[in-house]
There are 2 protein chains.
Amino acid sequence: MLNFSTYGQTYEQLENTIKKISQLSLIEDSLSDFIVLLEKVEYPKGHILIKAGRVERSVYFIEKGIARAYLDKDDKEITFWFGSESDILLSYNSFFVSQPGYESIELLEDSVLYKISNDILQNLYNNNLQLANWGRKLVESELIKTEERFISRQFKTAAERYKDFINSQPAILQRVQLRHIASYLGISQVTLSRIRADIR
Amino acid sequence: MLNFSTYGQTYEQLENTIKKISQLSLIEDSLSDFIVLLEKVEYPKGHILIKAGRVERSVYFIEKGIARAYLDKDDKEITFWFGSESDILLSYNSFFVSQPGYESIELLEDSVLYKISNDILQNLYNNNLQLANWGRKLVESELIKTEERFISRQFKTAAERYKDFINSQPAILQRVQLRHIASYLGISQVTLSRIRADIR
DNA sequence: CATCAAATTTTACAAATGTTAAAAAATGAA
DNA sequence: TTCATTTTTTAACATTTGTAAAATTTGATG
């Protein structure tokens, strides 16, 4: 549970932080019930928050930091997701259906997160209509984002995808190694270098 | 609303059909409430069920038939989804957030569908905890499927993706033109022909 | 500042995929 | 069946992207 005094925050400060994350302002009436169930956690750069092959029982809200989800293919790592401030972080397939996940998630900066277990969340969902609908909307918005990325992969060239990326997530470009961005865009690092050279 | 006598079905027959679709057996207690709100619709092959640029107010459950979602890119159509018996059919971004959708959905065979409007569904979600959680789980399972397709696009070769496709959806291969399958796999029809020739 | 290690870019060549056009095969209506 | 149309495959060539290795740049540290 959150220990407010430990972090020197008032409840109001915390509430403002949490509201920014994942449309939590939508559940105004239930917000305080929700907040007290969160656990604040901090990890250093390089920490592997979620490990492939395990069943993940927690979802995280990112207050500060950047994370990448990746999976191991042969001797390479394939990065397929970045998350930063105000994003939620979880292994979809592991968290939703309690199966071992295929992905790992690494923190790329020292990070501050709020954590809630699946057991607690399921209990909320089964007893609070407002939160159940908030959870549904949260997943709906993740689904739209994932589908849009999927489609753009299908009909845009590597150069177009890179330009989209620097327009939509310029901060990530500054904070993440280019080899991860190349992997995220589905191209080799050499191709990414060529695209960057052409743009210059 | 469903008019049972029109279609010569008993309620029990209809319930069995509906249960097969989209894990609706999960909402045993609310199932009959849900079923009476469905409207059965039938359309011929070639019908455009959902048109890009419109706000879509309905979701469909496919009882019989095949559909493809596509978008127009320059003078080409990009197919990015197939649905058949037991799948749900909707424009994610249009239905979930009431925006004009970017995709069209065409029926590739004469089809039988059950339809429910977003207004009715939202009303159910806001008044029935069991249905709200069923809706959340439905979206969660769509999200897992979409993410898996996204990732496989990123690290599998065109040949691997084709083999995955014929293993996981052999029936679709028999029922859909190869040009649509090539588009779905993100490759040209020429490349698909080459892959098929190599396998033979 | 000098040095080392890691990250990124560049080069050279190979492999995969795309484009266009044409040929072949399959489909479906009369 | 025949014929016309559509779909699929093949061929030839162009372009994109990948791999491996070398060169360069960047960043951290003494």
Side-chain angles (χ1 to χ4, degrees), chain A residues 44-46 66 68 70 72-80 82 106-110 150-166 169-200, chain B residues 44-46 66 68 70 72-80 82 106-110 150-166 169-200:
Chain A
K45 174 177 177 172
I66 288 200
R68 74 175 177 110
Y70 64 95
D72 289 301
K73 163 74 173 174
D74 308 326
D75 55 342
K76 289 181 209 166
E77 290 178 353
I78 313 284
T79 295
F80 61 91
F82 292 119
E106 176 191 9
L107 301 177
L108 301 175
E109 298 177 350
D110 296 347
F150 176 76
I151 293 172
S152 96
R153 173 72 49 89
Q154 193 163 357
F155 75 87
K156 291 188 177 173
T157 65
E160 287 173 327
R161 298 203 304 274
Y162 175 68
K163 287 175 195 163
D164 285 352
F165 182 80
I166 56 182
Q169 307 190 65
I172 304 273
L173 183 65
Q174 303 307 318
R175 295 162 73 182
V176 169
Q177 288 183 13
L178 288 173
R179 67 193 175 101
H180 293 143
I181 292 172
S183 177
Y184 177 85
L185 295 173
I187 58 182
S188 69
Q189 194 172 353
V190 173
T191 297
L192 178 56
S193 273
R194 283 193 274 243
I195 290 167
R196 287 163 56 83
D198 286 347
I199 288 177
R200 257 185 281 123
Chain B
K45 174 177 177 172
I66 287 199
R68 74 174 177 110
Y70 64 95
D72 290 300
K73 162 74 172 175
D74 306 327
D75 55 343
K76 290 180 209 167
E77 290 178 354
I78 314 284
T79 295
F80 61 91
F82 292 118
E106 175 191 9
L107 301 177
L108 301 175
E109 297 177 351
D110 296 346
F150 176 76
I151 293 172
S152 97
R153 172 71 49 90
Q154 194 164 356
F155 74 87
K156 291 188 176 172
T157 64
E160 286 173 328
R161 299 202 305 272
Y162 176 69
K163 286 175 195 163
D164 286 352
F165 181 79
I166 57 181
Q169 307 189 66
I172 303 275
L173 183 66
Q174 303 307 316
R175 295 162 73 182
V176 169
Q177 289 183 13
L178 288 173
R179 68 193 174 100
H180 293 144
I181 291 171
S183 177
Y184 177 86
L185 295 173
I187 57 182
S188 68
Q189 192 171 357
V190 173
T191 296
L192 178 57
S193 273
R194 283 194 274 240
I195 290 168
R196 287 163 56 83
D198 286 347
I199 288 177
R200 256 184 281 125

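So you know, we letter chains A, B, ... as the sequences are listed, proteins then strands, and number each from 1. Computation of the quantities below employed the complete heavy-atom set of this structure, encompassing side-chain atoms and omitting hydrogens, waters and symmetry-equivalent molecules.
Nearest to the side-chain atoms of A:Ala158 among the listed nucleotides D:dT10, D:dT17, D:dT9 stands D:dT17. Out of D:dG18, D:dA12, C:dT10, the shortest distance to the side chain of A:Thr191 is found at D:dG18. The listed nucleotides are C:dT11, C:dA7, C:dT17; the one nearest the side chain of A:Arg194 is C:dT11. Set against D:dT7, D:dT19, C:dT9, the side chain of A:Lys76 has D:dT19 as its closest nucleotide. Looking at the side chain of B:Arg196, the nearest of the listed nucleotides C:dT19, D:dT8, D:dT9 is D:dT9. The side chain of A:Leu178 sits closest to C:dT9 out of C:dT9, C:dA7, D:dT9. With D:dG18, C:dT9, D:dT9 as the choices, the nucleotide that has an atom nearest any side-chain atom of A:Ile187 turns out to be D:dG18.
Remark: P of D:dG18 and NZ of A:Lys73 are 15 Å apart, rounded to the nearest angstrom. A straight line from CD of B:Gln154 to P of D:dG18 spans 11 Å, rounded to a whole angstrom.
Among the heavy atoms of the strands, none lies under 4.0 Å from B:Lys156.
Across the interface with DNA chain D, nearest-nucleotide mapping of B:Val190 and B:Gln177 shows B:Gln177 to be the residue nearer the 5′ end.
Annotation: B:Lys73, atom NZ; neighbour count of heavy atoms from other residues, nucleotides and ligands within 6.0 Å is above 12.
Looking at B:Glu160, its side chain does come within 3.5 Å of a backbone N or O of B:Thr157 through a donor-acceptor pair.
For A:Glu106 and A:Lys45, the salt-bridge test fails: no basic side-chain N is under 4.0 Å from an acidic carboxylate O.
Taking the six-membered ring for Trp and the full ring otherwise, the centers of A:Phe155 and B:Phe80 sit at least 6.0 Å from each other.
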